[in-house]
Amino acid sequence: MRVGVLTGGGDCPGLNAVIRAIVRTGTFDHECEFVGFRDGWRGPLDADTQPLDVSAVRGILPRGGTVLGSSRTNPLSDQATLEGKTGMERIKENLAVFGVDALIAIGGEDTLGVAGTLYEHGVNVVGVPKTIDNDLGATDYTFGFDTAVNIAMEAIDRLHTTAESHHRALIVEVMGRNAGWIALHAGLAGGANVILIPEHPFDIEEVCDYVQQRFQTRYAPIVVVAEGAHPKTLSTSVVDSKLDAFGHTRYGGVGQLLAEEIERRTGKEARAAVLGHIQRGGTPTAFDRVLATRFGIHAIRAVADGAFGMMVALRGTEIVRVPIGDATRELKLVPPERYAEAEVFFG
Ligand code: F6P
């Protein structure tokens with residue numbers, strides 16, 4: 001069997017571990033051959049491939065990013081139509097040209113959304129969920145999240161010492177446009193003064209009270225804010241108005257806004273640090289390497305079993321198969337009771 005593999009959407013640590021596990025398991029256990037498609041859905045759209053065999057995946061386990069490249073190309077958009085052929089038609093044609101019997105799509109809600117639609121139109125697809133945001137339904141965890149949380153936690157630990165030396169409030173902006181999982185976990189692990197997430201609009205007065213309270217101690221206030229968090233008075237904190245190919249807003253800037261507002265209201269110096277793509281780069285943690293490897297093994301097994309239209313998912317400690325649509329139907333947001341657990345540490 002000839003299997004195509006692609007990685008789409010924002011990259012995350014662990015993608016290479018999945019690719020390696022797919023190729024090794026497929027080659028040794030299921031007599032598969034592989035075609036690597038470059039840059040997410042752009043690869044099958046433009047017939048852009050690269051060799052993918054056991055020698056090509058040696059040494060990539062600890063490497064961040066993706067050896068296949070990634071993009072946010074949306075093959076179902078009007079822009080994907082070329083010379084009278086829709087994106088869907090172009091992909092089907094190119095899969096046939098390369099003799100691809102099945103495709104493994106590794107991605108988040110957008111990539112898996114496309115995979116689900118292709119499956120409905122007759123393409124043999126298996127999905128692997130990934131995102132540092134950990135906001136996909138149907139799986140308890142996505143790989144990449146643990147690495148991002150550890151990077152953010154280490155940043156918070158470092159910011160504590162410099163904030164205390166200078167008696168400043170430091171605001172740490174982390175990723176998470178709809179879901180505040182990274183902020184919640186990194187903030188809890190790093191002992192944040194207050195954690196602000198998109199699911200729970202904040203009251204700036206209350207945030208300033210927490211900051212003032214922390215200044216009464218010998219510890220400095222570290223405010224952890226998810227990029228999509230916003231005050232109760234606004235419906236969004238969007239500062240950058242650009243949209244990506246799937247129509248998502250790009251966030252960024254809430255940390256700076258908070259710093260200015262905290263400084264104005266408390267009279268104490270407040271500065272912002274935006275972690276941005278640092279959270280997505282570099283080597284994956286052991287947890288993410290193991291989860292990604294297990295996803296890869298189970299994804300190629302699903303292909304070998306002909307379980308198309310399915311996605312691998314983590315339930316407890318087991319890897320299970322669920323319909324791809326389950327991952328994209330609803331985002332997994334931070335429930336109020338999980339946020340309430342953190343509130344006892346605020347102030
Ligand atoms: O979905 C993963 C993610 O890292 C989000 O947390 C973030 O908002 C977005 O991707 C950033 O995307 P890009 O790298 O395309 O700017």
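Every number for a ligand or one of its atoms is a count from 1 in the order of the listing. All residue numbers in this chain count up from 1 along the given sequence. The analysis underlying the following values was restricted to heavy atoms, covering all of them including side chains, and did not include hydrogens, waters or symmetry mates.
Geometrically, Lys130 does not engage Phe143 in a cation-pi contact defined by less than 6.0 Å to the ring centre and at most 45° from the axis.
Listed by chain and number, the residues in a ring-ring contact (aromatic ring centres under 6.0 Å, His included) with Phe246 amount to none (sequence neighbours excluded).
At least one heavy atom of His277 sits closer than 4.0 Å to an atom of ligand 1. Taking a 4.0 Å cut-off on heavy atoms, Asp244 fails to register as neighbouring ligand 1. Residue Gly108 places no heavy atom under 4.0 Å from ligand 1.
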Can you check side-chain contact (heavy atoms from CB on, under 4.5 Å) on Glu33 and Met1, steps first, answer last?
CA-CA 6 Å; Glu33 285 180 4; Met1 189 184 257; over 6 Å; no
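In this structure, the protein non-hydrogen atom closest to atom 2 (C) of ligand 1 is Asp133 OD2, 3.5 Å. Scanning the protein for heavy atoms near atom 8 (O) of ligand 1, the closest one is Glu227 OE2, 2.5 Å. Scanning the protein heavy atoms around atom 12 (O) of ligand 1, the nearest turns out to be Arg72 NH2, 2.8 Å.
Between the side chains of His185 and Asn134, no donor-acceptor pair of N or O atoms lies under 3.5 Å.
A ring-centre distance under 6.0 Å is not found for His230 and Phe202.
Per-residue contacts place Arg280 under 4.0 angstrom from the following atoms of ligand 1 (heavy atoms of the residue considered): 3 (C), 4 (O), 9 (C), 10 (O), 11 (C), 12 (O), 13 (P), 14 (O). Contact atoms of ligand 1 toward Met175: 4 (O), 6 (O), 7 (C) (distance under 4.0 Å to a heavy atom of the residue). Close approach to Gly176 involves these atoms of ligand 1, each under 4.0 Å from a residue heavy atom: 6 (O).
Screening Val303, Val125, Ile324 for a side-chain contact (heavy atoms from CB on, under 4.5 Å) involving Phe308 leaves a single residue, Val303.
Around CZ of Arg321, the count of heavy atoms belonging to other residues, nucleotides or ligands within 6.0 Å exceeds 12.
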